[in-house]
*Asks:* 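For reference, the structure I am asking about is given below.
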2 protein chains.
Amino acid sequence: MVSIADVARDAGVSSSTVSYVLSGKRSISPETRDRVEASVRRLGYHPHAGARALASSRTNVLALVMPLRADIDVQVLMGFVTSVVTSARKYDYDVLLLTNDEGPDGLRRVADSAMADALLVMDVESADPRVPVLRSLRCPTVLIGLPDEPGDLSCVDLDFSAAAKRCVQHLADLGHEHIALVGPSPAVYERGTSFAGRFLNGFTEATRTRGLNAPSQPCSPSYDGVRECLDKILVEQPRLTGLVVHNEAVLGTLLSELRARGSRVPEDVSVVAVGPDEMAANQPMRLTTVPLLSDDVGRIAVEMTMRELAGSSAPEVRLLSPRLAHGDSTAQRD
Amino acid sequence: MVSIADVARDAGVSSSTVSYVLSGKRSISPETRDRVEASVRRLGYHPHAGARALASSRTNVLALVMPLRADIDVQVLMGFVTSVVTSARKYDYDVLLLTNDEGPDGLRRVADSAMADALLVMDVESADPRVPVLRSLRCPTVLIGLPDEPGDLSCVDLDFSAAAKRCVQHLADLGHEHIALVGPSPAVYERGTSFAGRFLNGFTEATRTRGLNAPSQPCSPSYDGVRECLDKILVEQPRLTGLVVHNEAVLGTLLSELRARGSRVPEDVSVVAVGPDEMAANQPMRLTTVPLLSDDVGRIAVEMTMRELAGSSAPEVRLLSPRLAHGDSTAQRD
DNA sequence: TTGAAAGCGATACCAC
DNA sequence: GTGGTATCGCTTTCAA
């Protein structure tokens, strides 16, 4: 292993000088700087991460906590993960990937053993049991999602309430009066995922404001689930002409089933879907969607973390405004 | 922060004793052990990871290198990632998640700065430029995939050649004489992903052995791509009755397109698909599949790593035998 | 502008 | 069976 002492010897300076050249924390004469940098390159020096962490109480590592659930869309999950990892590297941070199955103790372990400088937690529920633990940890934390009581924890997420309203607005503007919501699977509601509830609230509120009677149904991710969901919706809304789909997993199946039932999209039914960009890609038509912005959410989560670590920012809650991407799956009601 | 000295003081022993209690590297009297363990719990002591790494030259961290590609199935990717992370925790290891976009330098950085004890690299290509770097790193490495020249690097993967043969055998045994392969997207072949080539070789070999004339076509992940692929196949194989699909992304689309063309599965065309379990779940029928075993591959990769770290094992190449799960998408040819 | 040296918090060797 | 202490490689204060 090549250590800072090796570099110092090679460059003919003290090891503290090498350290300062690398950190830029004090001014160095151009000549010394050059010599040191040359030695660093020539020897292929990389500071020992553990030693550095020990001396500086900084790891340059972010811990990202990932859910291990069947009911959460992998595409969305992966979007967050890659976005967080690539964003973190821009700040010279690496990412430690934790799963949820260690529970709150896992968070405590990582924070207390100084394996990371901050925690990013995905898939946060309304009354998430991890939240109180995180608040007690005195470790900068950013939640992807929005619990009921974030306290002094930072949060970032899509504004799902606004997203629902945007969908309703779009369909209503096109003249649709008989619409419905195909929601996430029942399991998602049951465990109190905050985004599902926020979307549903936004939907309900927007339809009421518009004076629409609009049922909503959760939808299990299977053929039978989709059929059942559609059946129930049609009982409540027999003259259905517009669907908001907030369920990545069933979208393809749903479109097939509509076709099978003789409903053309968009001639008979307009469909607007909420989900990751990839969801729309593999469909037979260009869908009207409200993209989930996983990329932005991940990037912003990292940016917020960096600001907190720099001490230049207080905790904040940021909900990203959704936008609607017009496609060919929604049309004017005639 | 609570340090080992705090625990030592609390338990009335020396810090070395605390260390030995925790590591179990020398015998301790039951009484001392109990006192120390009680103190550890009471104070909520977690050893400082950096300090530990510095003193022991062990990080208890595995670095997992993830590809950032559009053409690789996220479901498969995520399967590996979760499997590696959860398996690693069983050995008290954490996982640092790296992406490929730093290139070989990123691997060097992580290894040289002692951020991890070993590297796991996914999505390895036949002539992967990272392989020579990895071999020069003197850091235990396990590849998920199989390059042409692994050298002394360990490898683990599904035996894709055997998987292809299994598919062909299944269809042939059912009496199908006019079959074809729907392969991964052209991009996957072009960059020389090892698994695509191995599958294709297995397919070609098996069909030749059986005396079948069986065309194969790559397939782009879009509606048009699927149509085009089917068209080309039907030109070469007009009396098609059996399809092997080695392309998770297009499976759903392909099944729809077959239906649209009036081909019933399995009455007119038998379909056997290679992919993750999740791929089959959202289809309208129980598919006959050859599962990718991402879970096993990830777990075995970790186990191999652990054995290498323990010094109890030389590098090895392990190709997992595929199995075929009978479903309703393949039937006897009458 | 630079160097010397005191930690950081563990591990593991050497004594007893 | 236990304690003392050198050591790991870096950061950062203090001195010059």
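Reminder, nothing fancy here: chain letters follow the sequence lines and each chain counts from 1.
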*Asks:* Check this for me: does any side-chain nitrogen of one of B:Asp94 and A:Arg109 sit under 4.0 Å from a carboxylate oxygen of the other?
*Replies:*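 Looking at B:Asp94 and A:Arg109, the cut-off is met.
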*Asks:* Expressed as a whole number of angstroms, how long is the span from B:Ile4:CD1 to D:dG3:C1'?
*Replies:*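 Taking atom C1' of D:dG3 as the reference, CD1 of B:Ile4 is at 13 Å.
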*Asks:* Calculate the interatomic distance between A:Asp112 atom CG and C:dA10 atom P; express it in whole Å.
*Replies:*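 In whole Å, C:dA10 P and A:Asp112 CG are 11 Å from each other.
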*Asks:* Scan A:Ser19 against the nucleic acid and name what it touches under 4.0 Å (heavy atoms): base, sugar-phosphate only, or nothing.
*Replies:*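 Base, at least one base atom sits under 4.0 Å.
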*Asks:* Using a cut-off of strictly less than 4.0 Å, decide whether B:Ser14 has a side-chain nitrogen or oxygen near OP1 or OP2 of D:dG3.
*Replies:*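 Indeed, a polar side-chain atom of B:Ser14 lies that close.
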*Asks:* Measure the distance from CG on A:Leu54 to P on D:dT12 and round it to the nearest whole Å.
*Replies:*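 Distance check: A:Leu54 CG to D:dT12 P gives 12 Å.
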*Asks:* Atom CZ of B:Arg52 to atom P of D:dC10: distance rounded to whole Å?
*Replies:*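 Taking atom P of D:dC10 as the reference, CZ of B:Arg52 is at 21 Å.
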*Asks:* Can you check the B:Leu22 CG to C:dG9 P distance for me, whole Å?
*Replies:*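 Those two atoms, CG and P, are 16 Å apart.
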*Asks:* Please report, rounded to the nearest Å, how far the P atom of D:dT7 is from the CE atom of A:Met1.
*Replies:*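 One finds 18 Å between P of D:dT7 and CE of A:Met1, rounded.
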*Asks:* Base, sugar-phosphate, or nothing: which does A:Ser23 touch, judged by heavy atoms less than 4.0 Å apart?
*Replies:*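 Answer is nothing: A:Ser23 stays at 4.0 Å or more from every strand.
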*Asks:* Both B:Ile28 and A:Tyr20 contact DNA chain D. Taking the nearest nucleotide for each, which residue is further toward the 5' end?
*Replies:*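 The 5'-side residue here is B:Ile28.
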*Asks:* Give a yes-or-no answer on whether the side chains of B:Tyr93 and B:Asp117 include a donor-acceptor pair shorter than 3.5 Å.
*Replies:*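 Side chains of B:Tyr93 and B:Asp117: pair found under 3.5 Å.
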*Asks:* For the pair made of CZ in A:Arg58 and C1' in C:dC8, what is the distance, rounded to whole Å?
*Replies:*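 Value for this atom pair: 16 Å.
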*Asks:* When you measure only distances, ignoring hydrogens and angles, does the side chain of A:Arg9 come within 3.5 Å of the base of C:dG3 through a donor and an acceptor?
*Replies:*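 Between C:dG3 and A:Arg9, which were checked side chain against base, a qualifying N/O pair under 3.5 Å is absent.
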*Asks:* When you match A:Thr32 and B:Ser56 each to their closest nucleotide on DNA chain C, which lands nearer the 5' end?
*Replies:*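 Looking at DNA chain C, the more 5' nearest nucleotide goes with A:Thr32.
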*Asks:* Under 4.0 Å between a side-chain N/O of A:Lys25 and OP1 or OP2 of D:dT11, yes or no?
*Replies:*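 For D:dT11, neither OP1 nor OP2 has a side-chain N or O of A:Lys25 closer than 4.0 Å.
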*Asks:* Kindly say whether, by distance alone, the side chain of A:Thr17 makes a donor-acceptor pair under 3.5 Å with the base of C:dG3?
*Replies:*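 Answer is no: no donor-acceptor pair is held.
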*Asks:* What is the nucleic acid contact for B:Ser16, judged by heavy atoms within less than 4.0 Å: base, sugar-phosphate only, or nothing?
*Replies:*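 Base contact - B:Ser16 has a heavy atom under 4.0 Å of at least one base atom.
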*Asks:* Salt-bridged, B:Glu31 to B:Arg35, with N to O below 4.0 Å?
*Replies:*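 No, no charged N to carboxylate O under 4.0 Å.
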*Asks:* With distance as the sole criterion, do the side chain of A:Tyr45 and the base of D:dC10 form a donor-acceptor contact below 3.5 Å?
*Replies:*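 Between D:dC10 and A:Tyr45, which were checked side chain against base, a qualifying N/O pair under 3.5 Å is absent.
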*Asks:* On the side chain of B:Arg26, is there an atom forming a donor-acceptor pair with the base of D:dG3 - under 3.5 Å, no angle test?
*Replies:*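 Flag set: donor-acceptor pair detected.
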*Asks:* Go through the steps to decide whether B:Val124 and B:Ile144 satisfy the test side chain to side chain contact (heavy atoms under 4.5 Å, CB included), and finish with yes or no.
*Replies:* CA-CA 7 Å; B:Val124 176; B:Ile144 295 182; 5.8 Å; no
*Asks:* Salt-bridge test for A:Glu37 and A:Arg33: reply yes if a basic N is under 4.0 Å from a carboxylate O, no otherwise.
*Replies:*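 A:Arg33 and A:Glu37: salt-bridged.
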*Asks:* Are OP1 or OP2 of D:dT2 and a side-chain N or O of B:Ser29 less than 4.0 angstrom apart?
*Replies:*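 The answer is yes; a side-chain N or O of B:Ser29 sits under 4.0 Å from OP1 or OP2.
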